[in-house]
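These notes are about the structure you will find just below.
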Amino acid sequence: MQINVTDTITAEDQHELLEGLRAYNRQFIDTSGWGNLAVYARDGQGKMTGGLIADRKGDWLCISYLWVSTQARGKGLGSQLIRAAEENARTYGCRHALVDTISFQARPFYEKYGFTLKTTLDDFPQEGMQRHYLIKSI
């Protein structure tokens with residue numbers, strides 16, 4: 001057996017690893033309804049002004065990324081993106097949502113829209129910061 005350590009993750013290696021992991025997991029979890037979800041907002045010229053990328057995993061909508069441009073902040077776009085994602089996820093049977101955020105980012109924003117803090121990791125990703133995990137029923 002050969003063990004290799006690298007700081008370069010190729011698409012091929014990642015694919016091979018994930019295929020093995022997913023094959024094992026399918027013995028225990030029905031993933032047939034799982035999928036990706038994206039919501040994008042664009043201005044009149046087609047430039048992205050915000051977006052949300054998530055995964056549907058069983059009963060859960062797992063938000064990976066939410067971004068709103070500086071120009072669009074404070075105008076309700078973030079809440080529109082979350083509402084659109086939640087509405088779509090409900091059509092697939094999702095009943096809960098999960099998001100994580102770093103302390104300098106958007107915890108108050110998510111709490112404003114019904115998310116509650118589930119747990120916090122201190123000193124993540126560096127000393128003096130926290131990573132917050134928030135959930136809600138949708």
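Below, all heavy atoms of this structure are taken into account, side chains as well, without hydrogens, waters or symmetry copies.
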To the nearest 0.5 Å, what is the distance between [atom1] on [X] and [atom2] on [Y]?
X     : Y      : atom1 : atom2 : answer
Lys47 : Gln71  : NZ    : CD    : 6.0 Å
Ser64 : Asp100 : OG    : CG    : 8.0 Å
Ser79 : Glu86  : OG    : CD    : 10.5 Å

Sub-4.5 Å side-chain heavy-atom contact between [X] and [Y]:
X      : Y      : result
Asn36  : Ile53  : no
Leu66  : Phe109 : yes
Leu17  : Asp13  : no
Gln130 : Ile102 : no
Arg107 : Leu134 : yes
Thr119 : Leu117 : no

| said: Does the structure place the NZ or CZ of Lys136 under 6.0 Å from the centre of the six-membered ring of Phe115, at an angle of no more than 45° from the ring's axis? | reply: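 So Lys136 does make the cation-pi contact.
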
| From CA spacing to verdict: side chain to side chain donor-acceptor pair (under 3.5 Å), Tyr133, Arg131 | CA-CA 7 Å; Tyr133 291 85; Arg131 185 172 188 170; 3.2 Å; yes

Does [atom1] belonging to [X] count more than 12 external heavy atoms closer than 6.0 Å?
X      : atom1 : value
Leu18  : CG    : yes
Gln105 : CD    : yes
Phe28  : CZ    : yes

Is there a donor-acceptor pair closer than 3.5 Å between any side-chain N or O of [X] and the backbone N or O of [Y]?
X     : Y     : result
Thr49 : Asp43 : no
Asp55 : Lys57 : no
Arg73 : Val68 : yes

| task | Give the intermediate values and the outcome of side-chain contact (heavy atoms from CB on, under 4.5 Å) for residues Ile63 and Leu61. | result | CA-CA 6 Å; Ile63 300 171; Leu61 170 67; 4.3 Å; yes

| Same apolar cluster (I L V M F W Y, side chains within < 4.5 Å links), Leu37/Ile135 |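 Different clusters.
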
Closest approach of [X] and [Y], non-hydrogen atoms and distance?
X     : Y     : answer
Leu81 : Leu52 : O-CD1, 4.0 Å
Cys94 : Gly58 : SG-O, 3.8 Å
Ala84 : Val39 : CB-CG1, 4.0 Å
Ala41 : Leu77 : CB-CD1, 3.6 Å
Arg56 : Gly33 : NH2-O, 3.5 Å

Examine the side chains of [X] and [Y] and answer whether a donor and an acceptor come within less than 3.5 Å of each other.
X     : Y     : result
Gln27 : Asn25 : no
Asn4  : Thr6  : no
Asn88 : Thr91 : no

| What residue pairs, at least two apart or across chains, pass ring-ring contact (aromatic ring centres under 6.0 Å, His included) with a residue in residues 32-85? |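 Non-adjacent pairs meeting ring-ring contact (aromatic ring centres under 6.0 Å, His included): Trp60-His96.
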
| query | Does the distance from a Lys or Arg side-chain N to an Asp or Glu carboxylate O, for Arg83 and Glu87, drop under 4.0 Å? | reply |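 Not counted as a salt bridge, because no side-chain N and carboxylate O are separated by less than 4.0 Å.
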
Distance-only criterion, 3.5 Å: show the donor-acceptor pairs between side-chain atoms of residues 120-128 and protein atoms not counting sequence neighbours.
unit_1, atom_1, unit_2, atom_2, d
Thr120, OG1, His132, ND1, 3.0
Asp123, OD1, Gly128, N, 2.9

